[in-house]
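Order of the sequence lines sets the chain letters (A, B, ...), proteins ahead of strands, with each chain counted from 1.
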Amino acid sequence: MLLDLSEEHREHLAFLPQVDSAVVAEFGRIAVEFLRRGSNPKIYEGAARKLNVSSDTVQHGVEGLTYLLTESSKLMISELDFQDSVFVLGFSEELNKLLLQLYLDNRKEIRTILSELAPDLPSYHSLEWRLDVQLASRSLRQQIKPAVTIKLHLNHNGGLNTSILQTDPATLLHLVQQLEQALEEMKTNHCRRVVRNIK
Amino acid sequence: MELSEYVQKGFQMLADPGSFDSNAFTLLLRAAFQSLLDAQADEAVLDHPDLKHIDPVVLKHCHTAAATYILEAGKHRADKSTLSTYLEDCKFDRERIELFCTEYQNNKNSLESLLGSIGRSLPHITDVSWRLEYQIKTNQLHKMYRPAYLVTLNVENDDSRTYPEISFSCNMEQLQDLVGKLKDASKSLERATQL
């Protein structure tokens with residue numbers, strides 16, 4: 001599958017052959033850093049001064065590169081497809097090689113970052129438990145009521161939510177049994193067939 | 001067990017065969033237990049024809065006294081001798097003491113169950129449901145091809161009116177971690193019950 005690069009995109013990327021490979025590599029590094037942490041316009045100004053061009057040009061160059069990398073990573077295109085897509089830009093062999101390397105080196109991390117953009121449900125972080133026995137309450141003395149107190153940590157929207165819950169021994173066994181069945185499900189023929197065939 | 005004069009007076013009236021004959025005594029006793037333990041019971045519990053001849057104020061007083069005493073006894077897990085002692089002090093004859101203790105014994109489990117269920121507690125997990133999915137793509141990321149679980153814990157709050165649900169997603173390793181920890185807890189529970 002080839003990448004479809006728009007006119008505007010090609011224009012932005014046209015800046016890249018005008019600088020050395022070291023600069024392109026640096027732009028690549030900046031692009032990934034911006035994906036990790038967010039963009040920082042001051043960097044554009046510094047680079048613009050050093051290269052003696054406008055800061056807009058630098059910005060477009062970096063953004064073009066970023067888009068190239070994210071689209072390629074999103075679609076998980078093959079090496080060959082990447083090379084063919086970039087070929088239409090008419091860059092030098094050396095630059096093409098550099099761009100390919102940039103793609104391959106950073107693809108995994110970029111995909112991880114992109115996966116965080118998906119509709120987000122709270123996800124499991126960890127769980128702590130404690131065994132308690134209730135001995136008495138205001139309304140009844142001399143009890144022996146076992147309970148399991150659970151602290152469930154979930155990740156949501158970047159933060160950690162903690163829920164404190166309780167359950168009784170019978171329900172605990174039921175939970176374990178049900179969730180073990182859930183795990184077993186992945187090992188069934190049906191699931192194995194699906195995983196094998198949808199690639 | 002601390003019981004008020006009101007309760008004591010009520011029981012003294014109940015002890016008197018002049019105010020309550022055998023039949024009326026049994027009926028009132030049963031009515032007291034019923035009011036406490038039967039969820040559908042209402043004021044009509046005292047509307048029995050064999051109780052009509054008794055002054056309603058006296059009836060109410062004795063009913064309340066009996067119910068109060070039963071709750072206190074239940075709360076403190078009173079045994080037969082404690083019950084007998086108190087009833088003797090209220091001038092109950094042997095027969096009525098026996099009747100009371102038998103009725104109490106018959107209802108003891110329900111009573112303790114009811115008392116034990118009153119009180120505040122943490123949200124309680126009652127059930128779990130799960131869903132296994134195979135993620136193919138999102139609009140931000142294609143070719144994902146990975147399995148994921150969605151787990152929902154059904155939770156009950158102690159006022160039984162709110163039922164918040166806790167849902168979360170996890171991958172296989174995370175679910176294994178979760179199940180592993182829950183298994184540790186249940187093994188620990190097993191060991192504790194064998195001590």
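B/P123 touches chain A through backbone and side chain together, each having a heavy atom under 4.5 Å away. Contact annotation for A/V195: both backbone and side-chain heavy atoms come within less than 4.5 Å of a heavy atom of chain B. Proximity to chain B is limited to the side chain of A/L172, based on heavy atoms less than 4.5 angstrom apart. For chain A, the nearby parts of B/E112 are the backbone and the side chain; heavy atoms of each come within less than 4.5 Å. The contact between B/R146 and chain A is made entirely by side chain atoms (from C-beta outward), counting heavy-atom distances below 4.5 Å. Using a 4.5 Å cut-off between heavy atoms, B/L71 makes no contact with chain A at all. There is no contact between B/L114 and chain A, counting heavy-atom distances below 4.5 Å. Both the backbone and the side chain of A/D168 come within less than 4.5 Å of a heavy atom in chain B. Heavy atoms closer than 4.5 Å to chain B are found nowhere in A/T70, neither backbone nor side chain. With a 4.5 angstrom heavy-atom cutoff, A/L75 touches chain B via backbone and side-chain atoms both.
B/R77 has its side chain within reach of A/Q143: a pair of non-hydrogen atoms, C-beta onward, lies under 4.5 Å apart. In this structure, the side chains of B/K181 and A/I150 stay at 4.5 Å or more apart for every pair of heavy atoms. Counting only heavy atoms from C-beta outward, the side chains of A/M76 and B/Y145 never approach each other to under 4.5 Å.
Using modelled atom types, one finds no donor on one side chain facing an acceptor on the other under 3.5 Å when comparing A/Y124 with B/N171.
Across B/I136, B/T126, B/D127, the residue that shares the most heavy-atom pairs under 4.5 angstrom with chain A is B/D127. No other option in A/R130, A/E71, A/Q178, A/R111 has as many heavy-atom pairs under 4.5 Å with chain B as A/R111. When B/R131, B/K143, B/R120 are compared by the number of non-hydrogen pairs under 4.5 Å with chain A, B/K143 comes out ahead. The greatest number of non-hydrogen atom pairs below 4.5 Å with chain B, out of A/S73, A/A182, A/S137, is found for A/A182.
Note that CG of A/N155 is 12.0 Å distant from SG of B/C170, once rounded to the nearest 0.5 Å. Note: B/N154 CG to A/L175 CG = 9.5 Å, rounded to the nearest 0.5 Å. Taken to the nearest 0.5 Å, the CD1 atom of B/I166 stands 3.5 Å off from the OG atom of A/S163. Here CG of A/L165 is found 11.0 Å from OG of B/S121. Values are rounded to the nearest 0.5 Å. The CG atom of B/L141 sits 9.0 Å away from the NZ atom of A/K74 when rounded to the nearest 0.5 Å.
Of the possible polar contacts, one joining the A/S139 side chain to the B/I118 backbone as a donor-acceptor pair under 3.5 Å is found. Under a 3.5 Å cut-off, the side chain of A/R141 and the backbone N or O of B/G74 do not form any donor-acceptor pair.
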